[in-house]
Amino acid sequence: MSPNRTGPDRTRTEAEVVRGFRRAVRRRRQWQWSLGVAAIAVVVLVYWVLTLTSDNPALLPPPGEILQGFVDGVRDGSLVDATLASLRRVAIGYGIGCAVAVVVGSLRGWFRFVGYILDPIVDALRPVPALAYIPLVILWFGIGESARILVIGVASFLSCIVSVTAGMRRVPPVYVDAARTMGARRTRIFLTIALPSSVPFIFAGLRVALGAAWGTLVAAELIAAQTGLGYLLQAGQEFFHTEIVIVALIVIGVIGFLMDALLQAVESWLLRWSPETRR
Amino acid sequence: MTAGRKETDVPSLDGAGTAAMAARSIQHYFPTGSGKRPLLVLDDISFDVPPGAFVSIVGASGCGKSTLLRIFAGLVRPTNGHAELGGRPITDADAHKGMVFQEDAVFPWLTVRQNVEYALRARRTDRSRRGGIAREWIDRVGLTGFEDAYPRQLSGGMRKRVDLARIYASDPEVLLMDEPFGALDAQTRLKLQEELLQLWEQRRKTVLFVTHDLDEAVYLSDLVVVLAARPGRVASIHPIDIPRPRTYETRGTERFRQLTVQLWHEIESLDRTSRSATDPQAPEVVA
Ligand SMILES: Nc1ncnc2c1ncn2[C@@H]1O[C@H](COP(=O)(O)OP(=O)(O)OP(=O)(O)O)[C@@H](O)[C@H]1O
Ligand SMILES: [Mg+2]
């Protein structure tokens, strides 16, 4: 037998160990991507088989036709315009809604008296779905861009604030006590102890709110919108263009997915200290 | 910056920086839920801690040691009586009373260096001096090379050292330490005891130290306060007349063993009397 170079008894050098770690990470990523892509391919394949067996191509357009719809939408700009219009609404509504939720949620969660004042109001507003505010929003603000953004903002706010407040109320007291015995006072403790230790909860809220924002988009664009993915969905249904409906759905899904991935990336960077973060 | 650092970058802990402490008839109740009688955890606790002294508190689990230390830290307001620092009643927590908690209190979202600098920032030390002081203390507790590690990357003993470095760097008038080495393995514990003793010998800060390790109490202290349980009361105060500086060999001396055995008997008998007093059905301890 030749000298055993790869056998289990050979001592691995540090460089090899480092390479081994890298390879393990790379392999995990490869699996993650290939399985994810494969799953999507299976779904598309199943759908394609379904369209073949269907006798109504207007209701079940084959993948090629959906792709054509997408290409046409990009060419004539209608899909791009709709996407940008929706993105803008979601970005502004979600941004403002969440910013307010983080500020109000952490203040009421951290400072007891702010909680006594705000808890009844916020907790009474929460069970009302954001969509239920649409009539009131139209009455007060008319039918316009600000009305649509406001509804998305309300939806984001309502779904974000719960978890922000919960995080503030779960800050381990020993950290607060330690900071106090080092001379930190109220504002410093809020900024340097309460906020960082609530980051996991704040991000849970941000991610739930992202879903809520996109979920409310379609409804918000029912408010006499002439653009937007929600409008496209509506129009596609009215003019019996099933492929446009499906394209709009896919675009919403993909954008939501990308935004969530971005949030996750920011979160795991902010939580690089946490022993609970999966690496 | 590294080379030209002067000794004065490290806060001076000796003499002038420290103060006497005292417990004056401290009594403390905890609420136990509506309708029930409150729980008396500390009853009429009085003792003096001379400036620069190392005083240990020992007693059964649950007898109120942590509560007493939190009262000294200003984190808990006693129901009656008060704790004193330098002759003045303690009413609030601040950087004069540094505390090492029984639990892991190192901030997990900050690196080792940031944890140590946190204390300096909180007490508004000049930005220019922070780095040097932090580096000095990280070095003294033997964590050089781990400045940028997060607590999750450290062992339990290393995290406790961060906690110690943080408190030493914040330069309090007095140190309150609640079983700081309790959760550590025997070897790490011995090593940290040595380090603590060395530091204390150099600086002579007043220390109030909770432990239930009698060897540790005798080895480190000038005075050992024994608390009886339910409610916590001062059972006795033992002066430890072993000369300093003490070394590992001190543990082998006759006097050391006498004192620890004496303490052990005392705590044993307290345990027996308290058990027969509170629970008549408790089985007699067979010798
Ligand atoms: N926040 C609290 N609320 C109610 N009861 C408490 C509280 N903190 C402590 N106690 C009670 O007070 C008593 C003393 O607790 P303490 O933590 O001071 O004991 P200890 O002597 O430090 O015990 P150990 O050695 O196990 O750390 C215990 O009976 C405990 O149940
Ligand atoms: Mg305790």
Side-chain angles (χ1 to χ4, degrees), chain A residues 14 17-18 21 25 102 106 109-112 163-164 166-206 264-279, chain B residues 66 69-76 85 90 92-112 114-125 148-154 156 159 162-178:
Chain A
E14 190 180 302
V17 171
V18 168
F21 285 151
V25 170
V102 168
S106 34
W110 189 246
F111 297 105
R112 196 173 301 162
S163 131
V164 173
M168 286 284 159
R169 290 181 178 159
R170 274 175 185 68
V171 176
V174 68
Y175 297 143
V176 179
D177 289 344
R180 289 182 62 197
T181 59
M182 285 184 271
R185 302 201 163 276
R186 284 168 75 87
T187 316
R188 181 185 296 272
I189 291 175
F190 175 69
L191 292 176
T192 61
I193 307 292
L195 271 183
S197 78
S198 314
V199 165
F201 288 86
I202 294 176
F203 269 85
L206 290 180
Q264 277 192 64
V266 174
E267 180 185 15
S268 60
W269 181 78
L270 279 176
L271 288 182
R272 61 198 178 284
W273 51 269
S274 169
E276 276 125 50
T277 306
R278 273 183 68 187
R279 263 162 274 268
Chain B
S66 295
L69 223 58
R70 296 170 70 83
I71 290 172
F72 273 101
L75 293 167
V76 171
L85 175 68
I90 291 167
D92 202 1
D94 55 36
H96 299 306
K97 288 98 63 181
M99 179 141 172
V100 178
F101 293 82
Q102 193 169 1
E103 309 94 308
D104 191 348
V106 174
F107 304 140
W109 57 89
L110 299 182
T111 63
V112 169
Q114 290 167 337
N115 261 286
V116 178
E117 285 187 359
Y118 186 93
L120 300 169
R121 207 166 280 152
R123 59 176 319 170
R124 300 175 196 288
T125 308
D148 296 317
Y150 283 100
R152 70 172 165 82
Q153 298 165 301
L154 306 178
R159 273 203 295 276
V162 178
D163 212 343
L164 296 174
R166 193 168 71 168
I167 283 307
Y168 296 149
S170 94
D171 188 28
E173 281 178 49
V174 294
L175 290 169
L176 307 166
M177 309 179 87
D178 194 354

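Letters A, B, ... are given to chains in the order of the sequence lines, protein chains preceding strands, and every chain is numbered from 1. Note that this is a predicted model, so its numbers are computed, not measured.
Taken to the nearest 0.5 Å, the CG atom of A:D177 stands 4.5 Å off from the CZ atom of B:R70. From B:L110, atom CG reaches atom CD1 of A:I193 across 7.0 Å, with rounding to the nearest 0.5 Å. Between atom CE of residue A:M182 and atom CG of residue B:D94 there is a gap of 13.0 Å, rounded to the nearest 0.5 Å. The OG1 atom of A:T192 sits 11.5 Å away from the CD atom of B:Q114 when rounded to the nearest 0.5 Å.
Using a 4.5 Å cut-off between heavy atoms, B:V106 touches chain A through its backbone atoms (N, CA, C, O) alone. Using a 4.5 Å cut-off between heavy atoms, A:L270 makes no contact with chain B at all. For B:D163, no part sits under 4.5 Å from any heavy atom of chain A, backbone or side chain.
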Test log, rule side-chain contact (heavy atoms from CB on, under 4.5 Å), inputs B:M99 and A:R180: CA-CA 10 Å; B:M99 179 141 172; A:R180 289 182 62 197; over 6 Å; no
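When the candidates B:W109, B:F107, B:Y118, B:Y150 are compared by the number of heavy-atom contacts under 4.5 Å with chain A, B:W109 comes out ahead. Contact count against chain A (heavy-atom pairs under 4.5 Å) is highest for B:P108 among B:G74, B:P108, B:A119.
Taking 4.5 Å as the limit, every side-chain heavy atom of A:V174 sits out of range of all side-chain heavy atoms of B:Q102.
For the pair B:R152 (side chain) and A:R272 (backbone), a donor-acceptor distance under 3.5 Å is present.
Shortest non-hydrogen contact noted between A:A178 and B:A105 is CB-CB, 4.1 Å.
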